[in-house]
Participant: 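Below is one structure. I have some questions about it.
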Amino acid sequence: MATNRQNELIQPGDYSLDVLNIWTSDGSIVDVRQMVTTVELYSSMYTQGMSGQITIKDGLGIDQQFGLHGNEYIELEFSVPTIEENISYFGAITEIKDRSRSIGDRGQIYVLSFVSLEYYLSTQTKLRKTYSNLTITDIIGNIYFEHLNVPARSKSLTVLDPTFGSHSVCLPNLSPYNAIEWLCTKAQSSRYRSSSNYVFFENPDGFVLSSLDELALLSPVRQYKFGFEVDSPTDRNVEESFNNLLAYRVIRELNTVRDSERGVYSGTRLYYDSVIRKTGVDYYDYFESYDNFIHLNGDEGNSRSEILSFQTNKSQIGSNHDVYYTTASKNFGAFDNRTSSMTSDEFSLGHNSYKHQYGSSSGIRLTAQAHGDTRRKLGQVVNLQLPSMTPVSDDGTESHKYLSANYMIVSLSHVLTIGGTGKKSAYTMDMELATDTYGSPFDRSVL
């Protein structure tokens, strides 16, 4: 349960480590809060399950007393004064690593790595099932509740955007997580019919299934500004201290050669329909299909000329269809309902392009560090105001024209540093942020 700390005064980065227990294989519950030096809880939209690690400085030999060997459970809960929403987590310890000790040390140091129970269960389960005439939303829901969910510590599954169409699916010896990931690549949105870009990920309070389009429509939950700091937090401005961006690093920007090779701008798909014995060709042009997708820095329904702010001003590269080729067999479902195929569909090239922009290989991506906030979760949208290095304009604009924009949180690390002699405890967040567009459009005359 969250604790009401609204009236407590804090400094940015303050936190309360309320619970940190190890559940040993002999049934003991060991409180290790006085032994840890760091705690990290990590989640990503493109990595299965949540994971993390704790670093322990052990001067009592609890590894021997309780037989720690990497097959235990961990219980974690932490909170921030003034914020009612805490983070609670229960996972499976999978290994002990980096064990070390030096002459003169009073104890040994080692790291315990852990993963979510759902992921732990998924690695030990294989599905050999057939689903007939069901939506992908229903199939994923069945996999989650029947094969992935841990009844003792049930987490909710939130579907933000139901899928379109019915399908017949055979899952040949796939783990639950891998089956869901595969189904996400075939899912088509019921709301954004020209787009098909689904993600399935875990937050501390549950799992989320959504199209990227639906997430891109979310309003920013916070505006971060680099260099902004509240000198003396009070009960009136303590919330403002969470707006401060401590550091940032742009890790990827435009690379037209790399992106062209991956089919981000254009492509060709050759297919063979084994049911009606027909071959065909599909072409993809990013710039012609721009309005088919929801963009983080544009309004839904606006025309291309109003919101086009993709990372290149050379729109003609969208017609270079021979840059990227893919082949696929194409056939309709067992009930011939003429919805998108489970093996390939007419949106597959657009799916490839759009997901690349929020994934690990294209688009604009940066890492940012901020004061810890238990309210931040994967899939949320935040606005970044990054400094401009040009002289201040007449209108007083000081933010970077293009990099100051809305970004989606695609990975997130909550990091608790436990202070010792001469060190201060601190709670920080490392966010990986992605966007498919710059914050401001390019000059229309160069397109």
Side-chain angles (χ1 to χ4, degrees), residues 43-51 115-151 153-193 195-218 294 332-335 337 339-345 347-348 350-352 354-355 358-359 377-380 408 410-411:
S43 56
S44 170
M45 290 171 59
Y46 302 107
T47 301
Q48 295 180 353
M50 296 184 67
S51 60
V115 297
S116 297
L117 293 181
E118 290 79 6
Y119 175 67
Y120 191 70
L121 177 63
S122 179
T123 61
Q124 303 172 29
T125 306
K126 296 295 182 183
L127 301 182
R128 303 172 188 87
K129 295 188 68 172
T130 298
Y131 295 93
S132 298
N133 202 27
L134 293 174
T135 66
I136 291 181
T137 298
D138 290 337
I139 297 172
I140 290 177
N142 178 268
I143 293 173
Y144 174 73
F145 288 108
E146 296 294 329
H147 303 284
L148 190 62
N149 194 27
V150 179
R153 297 183 178 273
S154 178
K155 289 184 177 180
S156 63
L157 172 61
T158 301
V159 179
L160 297 181
D161 183 9
T163 61
F164 169 77
S166 299
H167 306 276
S168 296
V169 183
C170 178
L171 301 178
N173 205 38
L174 293 175
S175 70
Y177 256 116
N178 288 340
I180 291 174
E181 285 189 343
W182 177 75
L183 288 165
C184 282
T185 66
K186 308 301 178 183
Q188 182 184 357
S189 170
S190 60
R191 298 173 181 170
Y192 315 104
R193 298 287 294 278
S195 180
S196 57
N197 308 276
Y198 271 78
V199 287
F200 175 81
F201 55 87
E202 180 184 5
N203 280 318
D205 56 351
F207 288 80
V208 175
L209 174 67
S210 177
S211 64
L212 288 172
D213 304 78
E214 187 72 18
L215 295 175
L217 278 176
L218 297 175
I294 304 299
F332 294 100
F335 297 92
N337 52 20
T339 60
S340 58
S341 165
M342 289 304 298
T343 54
S344 64
D345 56 66
F347 306 112
S348 59
H351 172 93
N352 170 72
Y354 193 60
K355 201 162 187 177
Y358 288 104
K377 295 180 176 65
L378 290 182
Q380 290 181 333
M408 187 182 299
V410 296
S411 72

Participant: Between the main-chain N or O of Thr135 and the side-chain N or O of Thr163, is there a donor-acceptor pair closer than 3.5 Å?
Facilitator: no
Participant: Can you tell me how far apart CG (Leu121) and OG1 (Thr123) are? Round to the nearest 0.5 Å.
Facilitator: 7.5 Å
Participant: Less than 4.5 Å apart, side chain to side chain, heavy atoms only: is that true for Trp182 and Leu171?
Facilitator: yes
Participant: Taking C-beta and beyond as the side chain, do Val169 and Lys186 meet within less than 4.5 Å on heavy atoms?
Facilitator: no
Participant: Run the ring-ring contact (aromatic ring centres under 6.0 Å, His included) test against Tyr120 and tell me which residues pass, sequence neighbours left out.
Facilitator: none
Participant: Which heavy atom of Leu148 sits nearest a heavy atom of Glu118, and at what distance?
Facilitator: CD1-O, 3.2 Å
Participant: Using every non-hydrogen atom in the two residues, find where Cys184 and Phe200 come nearest and quote the distance to one decimal.
Facilitator: SG-CB, 4.0 Å
Participant: To the nearest 0.5 angstrom, please state how far the OG atom of Ser122 sits from the CG atom of Leu117.
Facilitator: 12.5 Å
Participant: Using only heavy-atom distances, determine whether the side chains of Glu214 and Tyr192 contain a donor-acceptor pair under 3.5 Å.
Facilitator: yes
Participant: I need the Asn173 CG to Asn178 CG distance, nearest 0.5 Å.
Facilitator: 10.5 Å
Participant: Do any pairs count as a salt bridge (Lys or Arg N to Asp or Glu O under 4.0 Å) and have a residue in residues 201-211, sequence neighbours left out, and if so which ones?
Facilitator: Lys155-Glu202
Participant: Provide the closest heavy-atom pair for Ser43 versus Leu378 in the form atom of the first, atom of the second, distance.
Facilitator: OG-CG, 3.5 Å
Participant: Which atom names give the shortest non-hydrogen contact between Leu215 and Met45, and what distance separates them?
Facilitator: CD1-CE, 4.0 Å
Participant: With rounding to the nearest 0.5 Å, note down the distance linking CD in Glu181 to CG in Leu174.
Facilitator: 10.5 Å
Participant: Is there a donor-acceptor pair closer than 3.5 Å between any side-chain N or O of Ser189 and the backbone N or O of Arg191?
Facilitator: yes
Participant: Given the rule in the side chain to side chain contact (heavy atoms under 4.5 Å, CB included) test, do Asp213 and Asp161 qualify, once you have shown the distances and angles that lead to the verdict?
Facilitator: CA-CA 9 Å; Asp213 304 78; Asp161 183 9; 5.5 Å; no
Participant: Heavy atoms only: give me the nearest Gln188-Tyr198 pair and the separation to one decimal.
Facilitator: C-CE1, 3.9 Å
Participant: How many angstroms lie between atom CG of Leu209 and atom CG of Leu160, to the nearest 0.5 angstrom?
Facilitator: 8.0 Å
Participant: Taking all non-hydrogen atoms of both residues into account, name the closest pair between Gly141 and Leu157 and its distance.
Facilitator: CA-CD2, 4.0 Å
Participant: Roughly how far, to the nearest 0.5 Å, is CD1 of Ile180 from CG of Leu183?
Facilitator: 7.5 Å
Participant: So does Tyr119 have more than 12 non-hydrogen atoms from other groups sitting under 6.0 Å from OH?
Facilitator: no
